[in-house]
Amino acid sequence: MGRLLAPCLALAWAATGINGFVPSRGPSSLASRLTNQVQLRPSAPGAVSSPTTGEEGGEPKADTKELASLKEQLEFFVELSKPYFLEDEQAKWLLGAVIALTFLNSGVSVAFSYLSRDFWSALNAKDAEHFQEVLLKFLGALAAGVPVVVLSSYQRQLLSLRWREWMTGRMLTLYLGSERAAD
């Protein structure tokens with residue numbers, strides 16, 4: 001197991017640009033950010049101080065820690081995903097479709113919220129004519145909304161699958177060399 005772990009870590013680091021694999025940068029700070037993600041809390045007197053506070057057992061300010069963590073996560077995400085979107089033209093279209101379908105999905109949720117309000121209002125008022133009208137609108141929204149929700153989920157899964165395939169191919173190419181990875 002240990003013999004397999006070191007090449008896997010080397011592949012992951014190489015694929016993400018650590019140790020200068022990204023031509024536009026020198027050795028990346030991504031490795032230090034990855035190691036700083038795992039922090040041990042001191043549990044006994046004399047324990048090692050926390051890297052985020054500099055004090056023994058001290059807690060950083062919650063809002064500062066959350067903002068720094070969010071910023072680090074965003075930088076980490078951009079650094080991991082940027083090469084994929086620069087190298088694969090289809091990835092840009094998939095991402096655009098995911099974003100558009102996410103907005104459509106939100107619109108479907110809002111429409112169902114209003115229809116649900118009207119449905120319960122008509123039911124509460126015991127207005128049979130308005131109830132049937134809202135019921136027909138609800139069925140129409142259901143017929144239009146279900147494909148949007150399903151397609152949105154499908155596009156997200158397709159994008160993640162293509163990204164994983166690309167990442168695997170890139171790691172194999174970096175590890176084995178371009179001529180051996182094609183085999």
Side-chain angles (χ1 to χ4, degrees), residues 4-5 7-18 21-22 28 30 33-34 37-38 62-63 65-176 178 181-183:
L4 187 60
L5 185 60
C8 288
L9 286 175
L11 283 174
W13 285 13
T16 57
I18 296 176
F21 278 96
V22 176
S28 174
L30 185 60
R33 286 198 310 246
L34 283 173
Q37 292 291 328
V38 180
D63 56 345
K65 182 178 178 183
E66 288 176 13
L67 288 176
S69 177
L70 180 63
K71 183 180 177 188
E72 288 175 0
Q73 289 177 3
L74 185 61
E75 289 173 354
F76 183 66
F77 170 75
V78 168
E79 195 165 340
L80 281 176
S81 62
K82 189 176 179 180
Y84 174 59
F85 293 107
L86 291 176
E87 293 175 16
D88 190 358
E89 187 66 31
Q90 189 178 18
K92 295 172 189 172
W93 288 103
L94 284 172
L95 180 63
V98 166
I99 291 171
L101 286 168
T102 299
F103 283 123
L104 279 175
N105 196 1
S106 297
V108 166
S109 295
V110 169
F112 274 108
S113 173
Y114 283 115
L115 285 172
S116 179
R117 178 201 62 188
D118 294 342
F119 175 83
W120 288 108
S121 295
L123 194 61
N124 191 33
K126 297 181 183 176
D127 185 2
E129 186 177 313
H130 186 63
F131 177 77
Q132 289 177 352
E133 181 183 313
V134 171
L135 193 58
L136 288 174
K137 287 180 184 178
F138 187 82
L139 291 174
L142 192 63
V146 167
V148 169
V149 172
V150 170
L151 189 58
S152 175
S153 176
Y154 171 75
Q155 284 296 114
R156 277 194 315 266
Q157 292 174 1
L158 183 63
L159 178 62
S160 68
L161 181 64
R162 296 269 170 90
W163 183 79
R164 289 179 193 136
E165 287 175 350
W166 173 84
M167 183 63 81
T168 302
R170 183 173 180 190
M171 284 196 282
L172 285 173
T173 300
L174 289 171
Y175 186 68
L176 299 175
S178 58
D183 294 339

Mind listing the side-chain donor-acceptor pairs of residues 142-157 below 3.5 Å, one per line with the distance, residues two or more places apart or on another chain?
| unit_1 | atom_1 | unit_2 | atom_2 | d |
| --- | --- | --- | --- | --- |
| Ser152 | OG | Arg156 | NH1 | 3.1 |

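- Distance CG/Leu135 to CZ/Phe131: 5.0 Å, rounded to 0.5 Å.
- Distance check: Gln73 CD to Glu75 CD gives 11.0 Å after rounding to the nearest 0.5 Å.
- Among residues at least two apart or in separate chains, salt bridge (Lys or Arg N to Asp or Glu O under 4.0 Å) pairs with a member in residues 128-154 are Glu133-Lys137.
- Partners of Leu139 by side chain to side chain contact (heavy atoms under 4.5 Å, CB included), not counting sequence neighbours: none found.
- The line from OG1 of Thr173 to CZ of Arg170 is 9.5 Å long, rounded to the nearest 0.5 Å.
- Every residue was checked against the side chain to side chain contact (heavy atoms under 4.5 Å, CB included) condition with Ser106, not counting sequence neighbours, and none meets it.
- Annotation: ring-ring contact (aromatic ring centres under 6.0 Å, His included) contacts of Phe112 (sequence neighbours excluded): Phe138.
- Proximity of a side-chain donor or acceptor of Thr168 to a complementary backbone N or O of Arg164 within less than 3.5 Å is detected.
- Within the model, atoms CG of Leu74 and OG of Ser69 stand 11.0 Å from one another, a figure rounded to the nearest 0.5 Å.
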Let me see the working for Trp163 and Leu159 under side-chain contact (heavy atoms from CB on, under 4.5 Å), right down to the final yes or no.
CA-CA 6 Å; Trp163 183 79; Leu159 178 62; 5.6 Å; no
Side-chain donor-acceptor contacts of residues 87-99 below 3.5 Å, not counting sequence neighbours, with atom names and distances?
| unit_1 | atom_1 | unit_2 | atom_2 | d |
| --- | --- | --- | --- | --- |
| Glu87 | OE1 | Trp166 | NE1 | 3.2 |
| Asp88 | OD1 | Gln90 | N | 3.3 |
| Gln90 | OE1 | Arg162 | NH1 | 3.2 |

